[in-house]
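Heavy-atom basis, side chains included; hydrogens, waters and symmetry copies ignored. Predicted model, so just to flag it, every value in this text is computed and none were measured.
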Amino acid sequence: MDYFLSEEQKMIVDLCKKIAQEKIKPVRQHYDEIEEFPWPIVEEMAKTDLFRIYIPEEYGGLGGSIFNLCLAVEELSKVDGAIALCLAGTALGTFPILLFGTEEQKKKYLPDIAAGKRLTAFALTEPQAGSDATAIKTTAIKEADTYRLNGTKCFITNAGEAEIYTVIALTSPGRGVRGLSAFIVEKDTPGFTFGKKEKKLGIRASPTRELIFQDCRIPKENLLGKEGQGFIVALKTLYVSRPGVAAQAVGIAQGALDEAINYARQRVQFGQAIIHFQAIQHLLADLATQVEAARALVYSTARMIDADPEKRVTKESAMSKLFASETAMKVTTEAVQIFGGYGYMQEYPVEKMMRDAKITQIYEGTNQIQRNEIALALIKESASK
Amino acid sequence: MNIIICIKQVPATTNVQIDSETGRLKREGVESIINPFDEYALEEGLRLKEKFAGKVIVLSMGPPQAETALRECIARGADESILLSDKNFAGADTLATAYTLAQAIKKINPGGGSSTPYDLIICGKQAIDGDTAQVGPGIAEKLNIPHICYVRKIEEIKDGMLRVERLMEDGYDILEMKLPALITVVKEINIPRLPSLRGLLLAKKTKINLWNAEIINAEKDKIGMTGSPTTVKKIFTPPARKGGETISGSPEEIAQKTASRLKELKII
């Protein structure tokens, strides 16, 4: 499908393809096995300006396009969805600053983030507060010129490696989501430590850890937006970040589909390559159609965000994340099936893709929450007619 | 430190087609790339620039489409580029090419208050299409500067001297020479970087200096086909070596059979 990409967008895709093929592909299995942060690759991403894509020019970026970020994440994810998350996870941690940061906060943090010198992470989830943000227990109590943070965040992508954290915490306990506020917390702030590193089914090159705050005092200037705006910060961040997860899912799906087609052309059973069997042909045809449909939905949503950043994209954003992640799970599972016994083995790339795909149905809002968002938007639209 | 990198745009395949009548490379319809060995030359130049400051100037002789290769060098961090393009340059052998590039290098003046227009010229060890490895040393001779080929490492640059490791078949030599000088590099020297997005955007807009024979004061009878004393007589693929003779058996048998065979062949 021709999506009529601009010359600059084609450039991003070409460069990311090179990084994926030349730098990531040779090491993807290694990082999946050792479960370590792929710093050499992240440095390569920084040198090639990938962290600049989604940041406005005035802060050292290349324009701040969500669509361009999606193109990069998709291309990297075709080879490794986990390593692509180093970029996407940093974008997620940066969006609160982009959307709600003051000029001062933007000037202080964005140039380093754009240069890839400092990575970021977004911290909303807690052990007891996943889909239900009202259950957040981490507190940020104001004391003169500081906020004092106490509590634990869990399942935080890039945790430990990132240097800038955007954290959602309660400034007015008892007021529910209206009592939530967003903060910037820098690594090495006294009272801020990291808990255990999770062992995961997939995306193993991407670290997932706990953030522990014990009387962690941060300057009051680190408040993002106003007190009580924390829930809005989180929601708006997710609206713009979800197409990134969707792009990751499309990339993983496309990567698995390409592997499956190649394998089917080579694998000979009953005297012929298995791609000559209609059972395989129709399956591949369905998968390819679904991947293309997912891509079209993601690109449209991302373009919509770029065209008018103020526009509400709750529904479209949820739809693209829902559809693309379901597609990724389906395509990777079928890719393993097409590979047969070989597909189940770690020597071949598709089992990892299947493990990596699963998270896209869960994080940044489970697909059940996406359906809630879509349904709520449908009801609102209908009621306002 | 000002560095000049000489690059060549070559067909993207090692399987080049050769015109059987003229004996020259067929370039039409083949995707073009920067000669891979020249990528190492560019990377080494960029690393020296990052260490010592200065400018990296990329020079190439070729048809107008060689501009693409020069833009790619800009995307990776080169400061300026010059394309030597003139129909009178066409058909040059290694001697005429070395002369043309040397004439252009004499014209380069990167400014910046340095005493010499350049400190170092870096070339790839050879081009993957012609495989002659003659142009680099040829340029040095024409410019009357020292050169070292097959450099695998730059050890030190100090007090106007350059110390390098030269790759040999059975090890390496450590050699020193005075700057300005020319080196040709082998693939062991570095891992070339990828271009950056900002570099790519800049490369799209950047001006490629286009120089012809007149600009570089080239003498007509020293360039192109006229200036080329060598011509390709015939191109052929040498016959593949036949497999050797295998002698098997117990060690005693092998020794005996080998000795008698050698006698038979009148070798011993």
Neighbour count >12 (heavy atoms, 6.0 Å) for atom NZ, B:Lys187: no
Within the supplied structure, the quantity of interest is the number of heavy atoms (other residues, nucleotides, ligands) at a distance under 6.0 Å from B:Glu156 CD; does it exceed 12? yes
Step-by-step side-chain contact (heavy atoms from CB on, under 4.5 Å) determination, B:Leu194 to A:Glu22: CA-CA 10 Å; B:Leu194 290 169; A:Glu22 291 174 22; 3.5 Å; yes
In the structure I gave you, are the side-chain heavy atoms of B:Lys204 and A:Glu7 within less than 4.5 Å of one another anywhere? yes
Side chain, backbone, both or neither: which part of A:Ile19 has a heavy atom under 4.5 Å from chain B? both
Check the pair A:Leu62, B:Leu201 against side-chain contact (heavy atoms from CB on, under 4.5 Å), reporting the backbone distance first and the verdict last. CA-CA 10 Å; A:Leu62 285 167; B:Leu201 291 169; 3.6 Å; yes
Value for OG (B:Ser196) from CD (A:Glu44), rounded to nearest 0.5 Å, stands at 11.0 Å
Just by distance, do the side chain of A:Asp49 and the backbone of B:Arg198 share a donor-acceptor pair under 3.5 Å? yes
Atom NZ of A:Lys236: over 12 foreign heavy atoms under 6.0 Å: no
Is it true that, when you exclude B:Ile174 itself, more than 12 heavy atoms of the residues, nucleotides or ligands shown sit nearer than 6.0 Å to its CD1? yes
